[in-house]
Asks: 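Below is a structure I'd like to ask you about.
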Amino acid sequence: MPEFTREQITKIAKEEDVRFLRLMFTDIMGIIKNVEVPISQLEKVLDNKMMFDGSSIEGFVRIEESDMYLRPDLTSWLIFPWGTGKGKIARLICDIYNPDGTPFAGDPRSNLKRVLKEMGEFGFTSFNLGPEPEFFLFKLDEKGEPTLELNDKGGYFDFAPTDLGENCRREIVLQLEEMGFEIEASHHEVAPGQHEIDWKYANAIEACDYIQTFKLVVKTVARQHGLHATFMPKPLFGVNGSGMHFNMSLFTKDGNAFYDEEGDMQLSETARQFLAGVLSHARAYTAICNPTVNSYKRLVPGYEAPVYVAWSGRNRSPLIRVPESRGLSTRIELRSVDPTANPYLAMAVLLKSGLDGIRNEMVAPAPVDRNIYVMTEEERHERGINDLPSTLHNAIKYLRQDEVVKAGLGSHIYNNFVEAKRLEWAAFRQQVSEWEREQYLELY
């Protein structure tokens, strides 16, 4: 994103007739929040004097310590391509600060910055991410409420008239480009009503900001087309769920630290150690990368989502794939992440896991080039291939046992996240589903 000074922002706001300013941030659960102010408050915002009630945000603070400050990141200045009819709306993404001027430990964006500072101690200058988010489009009813009726019957790479979401997807791409995204691909995914849009990689903070902005744009444009966009991992039984593959790489001042022209598969020792760290902590960070009860309906065999902790250069059945591109594009692709993940927390724990592999000079296991889905349990055991957690409950168990991943969250975020997910699992476990009534009501 381009650098902006406060003088430039003030000038642009006046020239572009900006009337409202959204001060955006993300809560621990990954939900975008905002405080909207009239543009008359711009000077106060730029002076870091804008306060809000932190006790009203889940996982932030108690009511007796509620005053918090929104500090805008000036590089995130952006004017939305839609308005109110009475002027334009702009946004600034903010970090959350305590009244004493220190970063708030419960702010996911500030927490990621904390872990990135640790990365700098290893000599790395950038942790880059190229995400591949997927989503479904459902029709709205006459009241504007989402239905379970899909807007098309298309499949992988289909196009109109089979892909009836094409116009909506194209409008999303145009608006994203207008907002500074460098879109690399846009296409229909495997399941009916399912779509994917990819854009160029960026550094960790900017990439996470992009993900949150992307979700907002997709939902806004979809509603303009009479559709509801959802990033729910598995909204429908019997079809593929939605993932958000993370393509990650570390850079130094000399270039991509994962690339070594002389190395096996042209991967550096750093890349292999980082990969080993990500594999060794996989069961624990799954709770962060797949944070909902529904996430685990996607992580099952048969629907292209990973279930097993392994890696490969070509095979798409393991957790991690190393795409063919080399040089600056050398990267590892984590295939388990889904779009309900808080991107700032996911990047923090993945970076922490990879750095642990580098610090301890972990050795990556041999790549698995067979289709793991057709292996027997005994064959997987012989190869040292573990399963990912099968439920949110089990994922939280692994998270509780992993000090490295917990350190990537910090104690405030960890404690609040685990408590929220404990309550979510308890509520789900007590619910009686339609499937249970169909199976048992008459039989017993």
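Values reported hereafter were calculated over all heavy atoms of this structure, with side chains retained and with hydrogens, waters and symmetry mates removed. Keep in mind that this is a model prediction, so the values were computed, not measured.
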Asks: Identify, with sequence neighbours excluded, every residue that meets side chain to side chain contact (heavy atoms under 4.5 Å, CB included) alongside S268.
Replies: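 Applying side chain to side chain contact (heavy atoms under 4.5 Å, CB included) to S268 gives D260, T270, A271.
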Asks: What orientation do F214 and W199 show, parallel under 30°, tilted 30 to 60°, or perpendicular over 60°?
Replies: tilted
Asks: Under the criterion salt bridge (charged side-chain N to carboxylate O under 4.0 Å, His left out), I'd like the reasoning laid out for R71 against D95: C-alpha separation, chi angles, the key distance, then a yes or no.
Replies: CA-CA 5 Å; R71 287 199 183 183; D95 295 322; over 6 Å; no
Asks: So do S353 and V405 actually touch side chain to side chain, heavy atoms under 4.5 Å?
Replies: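 Contact flag for V405/S353 side chains = yes.
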Asks: With heavy-atom distances below 4.5 Å as the criterion, would you say the side chains of P233 and K297 are in contact?
Replies: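 No, too far: nothing below the 4.5 Å cut-off.
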Asks: I'd like to check I358 versus F124 (side-chain heavy atoms, cut-off strictly below 4.5 Å). Are they in contact?
Replies: yes
Asks: Using the ring-ring contact (aromatic ring centres under 6.0 Å, His included) criterion, which residues pair with F258? Sequence neighbours excluded.
Replies: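 Result, ring-ring contact (aromatic ring centres under 6.0 Å, His included) vs F258: F274.
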Asks: Any idea which heavy atoms bring V349 and G408 closest together, and the distance?
Replies: CG1-C, 4.3 Å
Asks: Flag yes if more than 12 heavy atoms outside E261 fall under 6.0 Å of its CD atom; otherwise flag no.
Replies: no
Asks: If you measure from the Lys or Arg side-chain nitrogens to the Asp or Glu carboxylate oxygens, is any gap between R272 and E269 under 4.0 Å?
Replies: no
Asks: Could you go through the side-chain contact (heavy atoms from CB on, under 4.5 Å) check for V278 and Y285 one step at a time?
Replies: CA-CA 9 Å; V278 173; Y285 64 65; 3.0 Å; yes
Asks: Can you find a pair of side-chain heavy atoms, one from R429 and one from H393, that are under 4.5 Å apart?
Replies: no
Asks: Determine all donor-acceptor pairs shorter than 3.5 Å in which one atom belongs to a side chain in residues 172-184; sequence neighbours excluded.
Replies:
residue : atom : partner : partner atom : Å
Q175    : NE2  : E171    : OE2          : 3.0

Asks: Within a radius of less than 6.0 Å around OH of Y398, do more than 12 heavy atoms belonging to other residues, nucleotides or ligands occur?
Replies: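 At most 12 heavy atoms, drawn from other residues, nucleotides or ligands, come within 6.0 Å of this atom.
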Asks: Would you call E419-R422 a salt bridge at under 4.0 Å N-O?
Replies: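 Looking at R422 together with E419, the answer is yes, because their closest N to O distance falls below 4.0 Å.
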Asks: Quick one: does R370's side chain get under 4.5 Å of E379's, heavy atoms only?
Replies: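 In contact.
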Asks: Any salt bridge linking R331 with E333? Criterion: basic side-chain nitrogen under 4.0 Å from a carboxylate oxygen.
Replies: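 Answer for the salt bridge query: no.
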Asks: Do L399 and Y414 touch side chain to side chain, with heavy atoms closer than 4.5 Å?
Replies: yes
Asks: Side chains of Y201 and L129, heavy atoms from C-beta outward: is any pair under 4.5 Å?
Replies: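 A side-chain contact under 4.5 Å is absent here.
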Asks: Determine, for D209 against R109, whether the closest basic-nitrogen to carboxylate-oxygen distance falls under 4.0 angstrom.
Replies: yes
Asks: For R298 and E134: C-alpha separation, side-chain torsions, deciding distance, then whether salt bridge (charged side-chain N to carboxylate O under 4.0 Å, His left out) applies.
Replies: CA-CA 13 Å; R298 167 180 168 260; E134 298 168 342; 5.6 Å; no
Asks: Fit a plane to each ring of W425 and F428, take the angle between them on a 0 to 90° scale, and name the class: parallel (under 30°), tilted (30 to 60°) or perpendicular (over 60°).
Replies: tilted
